[in-house]
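All remarks here apply to the structure that follows.
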Amino acid sequence: MNRILTETYPDAHCELNFGTPFQLLVATVLSAQTTDKRVNLTTPALFAKYPTPEDLAAADPEDVEALLKPTGFFRAKTKSVMGLSAALVERFGGEVPGRLNDLVTLPGVGRKTANVVLGNAFDVPGITVDTHFGRLVRRFAWTDETDPDKVERAIGELFPRKDWTMLSHRLIWHGRRICHARRPACGACPLAALCPAFGEGPTDPETAEALVKPGPFS
DNA sequence: ATCCCGAGGG
DNA sequence: CCCTCTGGAT
């Protein structure tokens, strides 16, 4: 299945826009329970006004809340991004640390966010267990764990370190495009023949026709 | 109504 | 383990 994912999504990548590791960190915190498209509509104004941890730590919280409103959870996210900015200035010399154990000490930063930053700003392999990743690895029966930390460990044992970041991107892309939470587009899925969850539950009607005409080799 | 590249708190 | 934070798209 991994080979097909690799062929289907050879160029899968992080779709958040950023100019610095700090901006990627902030954008990733903002991406919780929001589409990255909406984050990308929000961050330009934020980064224009507050490009560095020093700027954001010294900002007026009400102004930041107003800027972050469209991303949802705007009070909690303001607290997180201003808090992590202050922590970066106080404890890390204003630089984003390149180690997981340091990143997760920042307010609002869990393992998922930390691994996004490691994988996309530091070239350090990281498994990012978000809602898509967890759903897909369970559908694929790669693990039956539901706790994100346990999923991360289980998948980490199945794949070599160097593949962790791209595997994360590919599963997330596949989850967004085909293997949706509610009505997966099984009829359009290149993994259909190999997928243990194929045909389970309702399928996207737009692709259902393909299920009846599976192709030349069935 | 349900989902979106979650994290912190109880 | 649960709950809450929150707005926009479908």
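Since the structure is predicted, the reported quantities are computational estimates derived from the model, not experimental observations.
A salt bridge links A:Arg176 with A:Asp36: the distance from a Lys NZ or Arg NE/NH1/NH2 to an Asp or Glu carboxylate oxygen falls below 4.0 Å. Using a 4.0 Å cut-off between a side-chain N of Lys or Arg and a carboxylate O of Asp or Glu, A:Glu7 and A:Arg3 qualify as a salt bridge. Salt-bridge annotation for A:Arg91 and A:Asp102: absent, with no side-chain N of the basic residue lying under 4.0 Å from a carboxylate O of the acidic one. Using a 4.0 Å cut-off between charged side-chain N and carboxylate O, A:Glu65 and A:Arg75 make no salt bridge.
Note on A:Thr113: only backbone sugar-phosphate atoms sit closer than 4.0 angstrom, heavy atoms only; bases stay farther off. Using a 4.0 Å heavy-atom distance criterion, A:Lys77 is classed as making no nucleic acid contact. Residue contacts for A:Arg183: at a heavy-atom cut-off of 4.0 Å it reaches no nucleic acid atom on any strand shown. Backbone-only engagement by A:Ser31 is indicated by non-hydrogen atom pairs under 4.0 Å involving sugar-phosphate atoms exclusively. Across all strands shown, A:Val39 has no heavy atoms under 4.0 Å from either base or sugar-phosphate atoms.
To the nearest angstrom, C1' of B:dC4 lies 14 Å from CZ of A:Arg177. When rounded to the nearest whole Å, the span between NZ of A:Lys37 and C1' of C:dA9 equals 9 Å. If you measure from atom CZ of A:Phe73 to atom P of C:dG8, you get 13 Å, rounded to the nearest angstrom. As a whole-Å value, the separation of A:Leu41 CG from B:dC4 P is 19 Å. The NZ-C1' distance, from A:Lys79 to B:dG6, rounds to 16 Å in whole Å. A:Leu84 places its CG atom 14 Å from the C1' atom of B:dG6, with the value rounded to the nearest Å. Taking atom CG of residue A:Leu30 and atom P of nucleotide B:dC4, one finds them 18 Å apart after rounding to whole Å. Following rounding to the nearest Å, A:Ile127 (CD1) and B:dG6 (P) show an atom-to-atom distance of 17 Å.
Side-chain proximity of A:Asp130 to the nucleotides C:dT6, B:dC5, C:dA9 is greatest for B:dC5. Distance from the side chain of A:Gln33 is smallest for B:dC4 among the nucleotides B:dC4, B:dC5, C:dT6. In the set C:dA9, B:dC5, B:dG6, the nucleotide with an atom closest to the side chain of A:Thr131 is B:dG6. Checked against B:dG6, B:dC4, C:dG7, the side chain of A:His132 finds its nearest nucleotide in B:dC4. Taking every side-chain heavy atom of A:Cys14 into account, B:dC5 is the closest of B:dC5, C:dT6, B:dC4. Among B:dC4, B:dC3, B:dA7, the nucleotide with an atom closest to any side-chain atom of A:Arg182 is B:dC3. Distance from the side chain of A:Thr35 is smallest for B:dC5 among the nucleotides B:dC5, B:dC3, C:dG7.
Contact between the side-chain N/O atoms of A:Arg38 and the OP1/OP2 oxygens of B:dC4 is not found at any separation under 4.0 Å. OP1 and OP2 of B:dG8 both lie 4.0 Å or more from every side-chain N or O belonging to A:Arg111. Note on A:Arg176: every side-chain N or O is 4.0 Å or more away from OP1 and OP2 of B:dC4.
Rounded to a whole angstrom, the distance from the P atom of B:dA7 to that of C:dG8 is 22 Å. Between the C1' atoms of C:dC5 and B:dC3, the separation comes to 16 Å (whole Å). Here the separation of B:dG10 from C:dT6, taken at their P atoms, is 15 Å to the nearest Å. Rounded to the nearest Å, the gap between the C1' atom of C:dC1 and that of B:dC4 is 24 Å.
Across the interface with DNA chain B, nearest-nucleotide mapping of A:Thr28 and A:Ser80 shows A:Thr28 to be the residue nearer the 5′ end. In terms of position on DNA chain B, the residue among A:Val109 and A:His180 whose nearest nucleotide sits closer to the 5' end is A:His180. Of the residues near DNA chain C, A:Thr34 and A:Thr146, the one whose nearest nucleotide (by heavy atom distance) lies more toward the 5' end is A:Thr146.
Residues A:Leu67 and A:Phe47 are members of one and the same hydrophobic cluster, defined by side-chain heavy-atom contacts under 4.5 angstrom among Ile, Leu, Val, Met, Phe, Trp and Tyr.
When only modelled atom types and interatomic distance are considered, A:His180 and A:Arg183 share no side-chain donor-acceptor pair under 3.5 Å.
For the pair A:Arg177 and A:Trp173, the distance from NZ or CZ to the six-membered ring centre is under 6.0 Å and the angle to the ring normal is within 45 degrees.
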